[in-house]
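One structure is given here, and the rest of the page talks about it.
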Amino acid sequence: MALERLAFSAAALALANHVYCNRYEPKTAHNALLALVSQPILLVLLLGPKTITGLLLVNSVFFTTLALSITTYRLSPWHPLAHIPGPRAARISKLWAVKVGISGNRHRVLKDLHDLYGDCVRIGPNEISINNVEAVKSVLGPGGFQKGQFYDIFSDAKLGTSTLLGLRGDAHANRRRIWNRGMSTDSLKDFEVILAKRVALLLTQLDEFAREGRQIDIAEWFTYLTSDFMGDMAFGGGFEMMRDGGDKDGVYAANKLGVKLSSIIAQIPWLWPTINLLPSVQQFRLFARQRTKARIAAGPKEHKDLWYHLMDEDGHEKVKPTIAEVVGDGALAIVAGTDTSSLALATFVWCMLSNPDIYARAKAEVDTVYPDLDAILDAGKHEELKIVTACLQEVLRLFPPIPSAGARKVSAGDSRLIANRFFIPEHTQICLPAYAIHRNPKNFYPAPEKYDPDRWLRPLSDSEILNQAAFIPFSYGAANCAAKNLAWRELLITASAILKQYDMRFAEPEAGHWVDTIKDFYVTDAGKLKVHITLR
Ligand code: HEM
């Protein structure tokens with residue numbers, strides 16, 4: 001009788017836990033786990049019998065009831081997202097998203113799901129993905145939704161402030177105003193000088209490899225370039241990967257591991273405070289703080305860097321940003337501006353070598369626009385680079401460096417119809433995967449999966465589609481890429497310099513499939529891209 005009473009109480013407690021967690025989602029894993037593990041023990045202590053049998057019984061009834069109750073509700077027709085199709089495992093648990101995240105194939109999986117189920121797919125117990133251009137404006141544009149929990153992890157608890165990426169509402173608008181000033185046309189001119197020095201160093205190193213007839217991993221060298229440049233911008237230096245020919249201090253690797261872990265953990269953000277304690281996550285933060293001290297000690301730079309603007313050294317703001325905010329945003333610039341640009345450049349090279357006719361046309365255009373190599377670092381003629389720009393647009397369309405990003409969240413009481421088609425209830429997380437949207441034949445037609453820069457150049461016939469509103473490699477709305485214009489300059493300057501100076505070919509037959517190695521860890525990651533490089 002005592003055991004029956006215990007089992008009944010354990011089941012009732014499990015149901016109460018489900019109701020509670022459904023209403024108040026746990027914020028940290030350790031507290032939630034502690035609460036779950038301790039409750040059955042307390043129940044045995046309170047109700048007895050205090051025996052091993054009692055403990056085993058109460059635990060098995062408690063956890064089985066909890067699992068069954070959660071699963072039944074999430075699959076039931078009463079769940080607010082029951083009307084949206086999607087894989088059963090995804091509807092039951094976020095562990096599905098974690099598994100997909102670990103595989104690095106999130107972007108491909110989401111696209112396949114849209115091909116199978118249509119424009120709106122349920123990809124989590126409370127999460128959906130929408131592959132529809134109208135939804136881009138309604139979700140990301142004015143009056144859209146704020147960032148969801150995914151973005152909570154992009155802040156350093158020890159600094160006590162969030163980065164721009166993790167801010168919402170007015171706090172985001174205020175910080176973003178500072179970033180926007182930092183990315184004005186005048187500021188970009190200063191940044192170009194910093195960038196030009198780094199691209200010149202890249203060319204010096206590559207010239208040497210070309211003369212030696214060596215094969216190199218060009219993807220890795222682009223990472224060195226963009227890391228060195230972002231280090232200069234954010235902290236007045238810090239990386240010298242091109243000079244050292246690698247990541248001597250392991251800071252870049254620590255950062256990369258941090259982003260990778262974050263992208264997976266972001267699916268279950270309540271686990272983040274626990275993971276945050278890992279040494280590899282701390283190493284990059286330590287680097288940012290050390291570089292901050294060095295940057296402050298060094299004083300103003302000859303050419304204003306990003307730090308200058310983020311710190312509001314020219315005194316535009318009534319309330320000056322704190323050092324903690326600037327450290328966080330400096331680190332964000334490195335995370336957001338390194339692998340995005342380097343992946344785009346590596347993919348550009350891959351697309352050129354895979355399409356010899358287009359490669360030849362791009363080289364010819366650069367030769368016409370820049371007869372002199374010395375002028376190539378000047379962005380003034382970028383308007384004339386029509387073919388190279390189209391080649392890069394097509395790279396960003398087919399292989400967006402942030403292919404699926406994080407989700408936006410519908411706040412309590414804000415249920416609504418999106419794009420006049422999808423009724424989205426409160427508390428839902430909405431993902432808009434650029435990778436799938438860019439390959440949707442309703443947006444780019446014909447041959448949406450084909451690398452075809454000419455689609456950006458030729459006048460379109462009636463049957464052809466090129467929907468600019470569906471081209472969102474830099475996202476859309478108030479929280480789109482804060483450095484879009486800088487990124488375009490970086491891509492055009494580097495791509496033109498590489499086209500002008502070298503002939504390249506794949507060094508290994510496997511390189512023909514290199515794009516298959518691209519992984520979606522929020523920002524993309526890819527394998528080695530070995531090429532033979534010679535001077536033209
Ligand atoms: C080809 C290169 C780049 C691409 C494709 C790209 C793309 C993006 C995308 C899609 C977002 C939105 C992310 C999200 O909502 O989850 C974003 C945000 C951001 N990017 Fe970029 N980015 C690039 C280069 C850069 C560079 C060089 C910087 C340098 C500082 C940068 C700084 C930022 C920042 C600070 C944000 C956060 C903006 C906000 O939340 O208001 N990005 N970027």
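Ligands are counted one by one from 1 in listed order, and the atoms in each one are counted from 1 as well. Just the heavy atoms: all of them, side chains too, but no hydrogens, waters or symmetry mates, feed the values below.
- Near W179, with a cut-off below 4.0 Å to any heavy atom, the atoms of ligand 1 are 30 (C), 35 (C).
- The closest protein non-hydrogen atom to atom 38 (C) of ligand 1 is N480 O, 3.4 Å.
- Under a 4.0 angstrom heavy-atom cut-off, R175 registers as lying outside contact with ligand 1.
- Remark: distances from the non-hydrogen atoms of L486 to ligand 1 are all 4.0 Å or more.
- Residue contacts with ligand 1, taken as heavy atom pairs separated by less than 4.0 Å, involve H172 solely via side-chain atoms from C-beta onward.
- Here the heavy atom of the protein found nearest to atom 25 (C) of ligand 1 is A336 O, 3.6 Å.
- The residue among A479, C481, S475 with a heavy atom at the shortest distance from atom 17 (C) of ligand 1 is C481.
- Side chain to side chain, R439 and N131 fail the donor-acceptor criterion of an N or O pair below 3.5 Å.
- Any N or O atom pair closer than 3.5 Å counts here, and Y522 shares at least one such pair with ligand 1.
- The closest approach between any non-hydrogen atom of I472 and ligand 1 is not below 4.0 Å.
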Evaluate the criterion ring pair (Phe, Tyr, Trp, His ring centres under 6.0 Å) for residue pair F150 and Y522; output intermediate values, then yes/no. CA-CA 10 Å; F150 178 93; Y522 180 44; 5.1 Å; yes

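- Proximity of M230 to ligand 1 is established by a heavy-atom distance of less than 4.0 Å.
- Separation of the W350 and Y451 ring centroids does not fall under the 6.0 Å cut-off.
- Considering only non-hydrogen atoms, atom 40 (O) of ligand 1 lies nearest to K147 out of K147, M183, K484.
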